[in-house]
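What follows is a single structure, written as structure tokens, with notes after it.
Within every chain, numbering begins at 1; the chains are lettered A, B, ... in the order of the sequence lines, protein sequences first and strands thereafter.
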Amino acid sequence: MAATSTTATVTPLLIHLLRGATDHASVAATHAKLLKVGTASAVSSCNHIIAAYCRCGVTARAHDLFDGMPERDVISWTALMSGYSSTGRPRLAVSLLRDMSHSGVPPNAFTFSTAVSACARLADAGLGRKVHARAEVEGYASDAVVATALVDMYGKAGDVEAARAVFDGMAAPARNAVSWGSMLSVYAQNALGREAIQLFAEFRTKGNFMAPNHFMLSSVVNACAGVGRLGVGKSVHGTALRFGHGCNGVIVVALVDMYSKCGFYEYSRKLFDRIEHPSVICYTSIIVAAAKYGLGRCALTFFNEMIDRDVQPNSVTLLGVMHACSHSGLVDTGLHLLHSMQSKYDIHPCASHYTCAVDMLGRAGRLEEAFELANEAQVEGRDALMLWSSLLSACRTHRRLDLATRAAHRVSEFNQDVAGALVVMSNAYTSAGQTDNAAAVWSNMRRRGIQKDPGCSWIEIKDIPYVFYAGLVSPSGARAGEVMMLLDELEGKMREKGYKGGLGSSRVFDAHEEDGEDGKGEMVGVHSELLALGFGLLVIPKGMTITLQDGVMFLQ
DNA sequence: GTAGGGTTAG
């Protein structure tokens with residue numbers, strides 16, 4: 001009798017302990033006590049223990065326990081599934097969905113949302129569609145959480161239309177702040193900033209007066225950064241302040257990033273300076289911003305400051321600092337970072353760090369060293385394509401046809417999307433006066449059916465986009481002759497001032513008065529950005545600012 | 001006991 005009452009009072013206490021446990025040792029200790037008391041084998045106890053092991057990442061123990069259960073309910077299956085999904089084995093999580101059906105336990109809404117989120121982690125729309133179909137058959141697809149997970153899954157898998165279809169299919173009451181936020185981030189993550197901004201406006205008018213939360217606000221700010229909409233970004237900044245999210249770390253980071261991408265480094269700097277304890281991401285963000293503005297030494301100061309303040313840098317931070325070095329000609333500092341990041345910060349240099357370093361050496365004209373490093377780097381697949389393509393461009397810029405040929409050879413080994421590299425190679429031959437070889441590259445491309453999508457840029461003037469394609473100087477009605485004359489004139493002026501010509505991306509120009517630039521190499525053919533910029537310079541009022549960003553132009 | 005969204009790079 002005494003034993004029974006002890007069991008009855010002790011078990012809930014132990015379960016409570018399990019819920020709060022975050023490390024393997026304490027979960028195992030509590031598990032042992034439950035075994036002693038004799039209540040560890042009840043289905044509900046087992047579920048708690050499984051969940052606890054999963055929470056601290058010990059899925060193997062959880063699975064052992066699961067295997068030993070005489071019967072399992074939907075929670076046992078879902079808990080294990082969730083454990084695998086959140087510890088980097090989402091495919092295994094999805095396969096449990098099939099197993100549980102075979103064992104006669106029907107899934108519920110929790111199970112489907114877990115399975116869908118595992119598909120999201122895999123970014124596998126094919127698998128996601130299968131799970132979606134099953135949820136539909138079982139009647140759970142209209143559940144708010146399942147539907148929101150589906151929106152997120154399709155978005156992460158790049159199928160924006162499917163995400164929107166699920167979102168549109170949700171009944172109005174089922175659309176809560178999370179589902180709006182999820183759809184918003186789908187647009188933001190898929191580089192559809194305009195759509196994200198539009199959806200946010202829709203939310204403000206049709207969202208039943210729901211208050212925007214920090215998830216949504218950071219997505220919208222991010223969208224504004226992506227499309228250079230400073231005006232909207234500022235107003236969202238105001239909204240964030242009004243709703244008390246002005247101090248939210250994630251929003252502040254997004255704002256720092258947005259202002260710098262919209263051409264206002266000073267605002268980024270001001271915001272950053274007000275942050276008391278900047279996170280790694282905050283530091284990374286301001287370092288990247290400084291790098292973009294050619295403030296290499298400033299970026300290094302931020303980096304040293306974060307190290308002094310015991311903020312551990314990550315792989316992205318190091319890449320940002322290296323970019324800063326690259327864009328400010330601090331080549332040896334950048335190389336030193338590459339070689340010391342493992343020992344100093346315990347960060348293993350990956351393909352992007354090597355690509356950045358190779359690009360840095362290439363820009364500086366240290367092509368032999370760049371080759372040596374590129375050969376040393378153990379890089380494969382698409383990463384290798386990027387690395388060698390970047391080196392190829394540098395060879396062309398520095399008119400080293402011999403090395404360009406070698407780089408082009410390496411690029412062709414990857415047999416992937418080599419069109420861009422072949423165009424660079426053909427341009428390299430043209431620059432060297434070897435027009436026959438240039439023509440041979442083109443005919444080779446035609447024979448192999450390789451096509452290069454023409455680069456395209458556009459400029460928005462009074463909400464009308466004017467689109468320009470690389471090399472095509474006659475967009476309908478867009479004053480082609482004048483554009484070309486203006487570009488020639490500008491290029492001439494740049495040469496007079498000693499610039500080697502060429503215009504980079506992410507630079508701010510004042511209309512009719514162009515800032516200096518450190519780009520190298522000369523114009524071969526006509527870049528689409530230049531066409532759009534030239535057109536903009538002709539038609540927009542003097543003194544207005546044009547921001548160039550990855551081939552898109554904005555007026556402010 | 002099991003479920004949904006956000007920030008940094010290229």
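- At a cut-off of 3.5 angstrom, counting only N and O atoms as typed in the model, there is no donor on one side facing an acceptor on the other between the side-chain of A:Asn213 and the base of B:dG6.
- In this structure a side-chain-to-backbone donor-acceptor pair under 3.5 Å is missing from A:Gln189 to A:Gly158.
- A donor-acceptor contact under 3.5 angstrom links the side chains of A:Arg134 and A:Ser101, judged on distance only.
- The separation between A:His323 atom NE2 and B:dT8 atom P is 15 Å, rounded to whole Å.
- Residue A:Val145 is classed as a base contact, given a heavy-atom separation below 4.0 Å to a base.
- Distance A:Ile281 CD1 to B:dG6 P: 13 Å, rounded to the nearest Å.
- For A:Lys156 and B:dG4, the shortest distance from a side-chain N or O to OP1 or OP2 is not below 4.0 Å.
- A:Ala120 comes within 4.0 angstrom of no nucleic acid atom, judged by non-hydrogen atoms across all strands.
- Under the 3.5 Å distance criterion, the side-chain polar atoms of A:Ser82 are left unmatched by any main-chain donor or acceptor of A:Thr78.
- Across the protein-nucleic acid pair, A:Phe272 atom CZ and B:dT7 atom C1' stand 14 Å apart, rounded to whole Å.
- Residue A:Arg98 places its CZ atom among 12 or fewer non-hydrogen atoms of other residues, nucleotides or ligands, all under 6.0 Å distant.
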message = ring pair (Phe, Tyr, Trp, His ring centres under 6.0 Å), that's the test. Do A:His237 and A:Tyr259 meet it? Break it down for me.
response = CA-CA 10 Å; A:His237 187 176; A:Tyr259 283 123; 5.8 Å; yes
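- Contacts of A:Ser219 with the nucleic acid, taken as non-hydrogen atoms under 4.0 Å apart, involve only primed sugar atoms and P, OP1 or OP2.
- The shortest distance between the side-chain N/O atoms of A:Gln189 and the OP1/OP2 oxygens of B:dG5 is not below 4.0 Å.
- Of the candidates B:dT8, B:dG5, B:dG4, the closest approach to any side-chain atom of A:Val253 belongs to B:dT8.
- Of the side-chain N and O atoms in A:Ser82, one or more sit less than 4.0 angstrom from OP1 or OP2 of B:dA3.
- A donor-acceptor pair is defined here as one N or O able to donate and one able to accept, closer than 3.5 Å; no such pair exists between the side chain of A:Ser182 and the backbone of A:Ser179.
- Atom C1' of nucleotide B:dG6 and atom CG of A:Asp257 are separated by 13 Å, given to the nearest angstrom.
- Comparing atom distances between the A:Val316 side chain and each of B:dT2, B:dT8, B:dT7 picks out B:dT8 as nearest.
- Atom CE in A:Met100 sits roughly 14 Å away from atom P in B:dA3 (whole-Å rounding).
- The base of B:dG6 lies close enough to the side chain of A:Asn248 for a donor and an acceptor atom to sit less than 3.5 Å apart.
- B:dA3 atom P lies 12 Å from atom CG of A:Leu80, rounded to whole Å.
- Nucleotide B:dT2 holds its P atom 16 Å from the CZ atom of A:Phe66, rounded to whole Å.
- When the nucleotides B:dG4, B:dG6, B:dT2 are ranked by their closest atom to the side chain of A:Phe215, B:dG6 comes out on top.
- Rounded to whole Å, atom P of B:dG6 lies 6 Å from atom CG of A:Asp152.
- Look at A:Ser182 and you won't find any side-chain N or O under 4.0 angstrom from OP1 or OP2 of B:dG4.
- Of the listed nucleotides (B:dA3, B:dG4, B:dT8), B:dA3 has the atom at the smallest distance from the side chain of A:Asp143.
- Look at A:Asn222 and you'll find a side-chain N or O under 4.0 angstrom from OP1 or OP2 of B:dT8.
- As judged by a 4.0 angstrom heavy-atom cut-off over every strand, A:Arg55 is placed among residues touching the sugar-phosphate backbone only.
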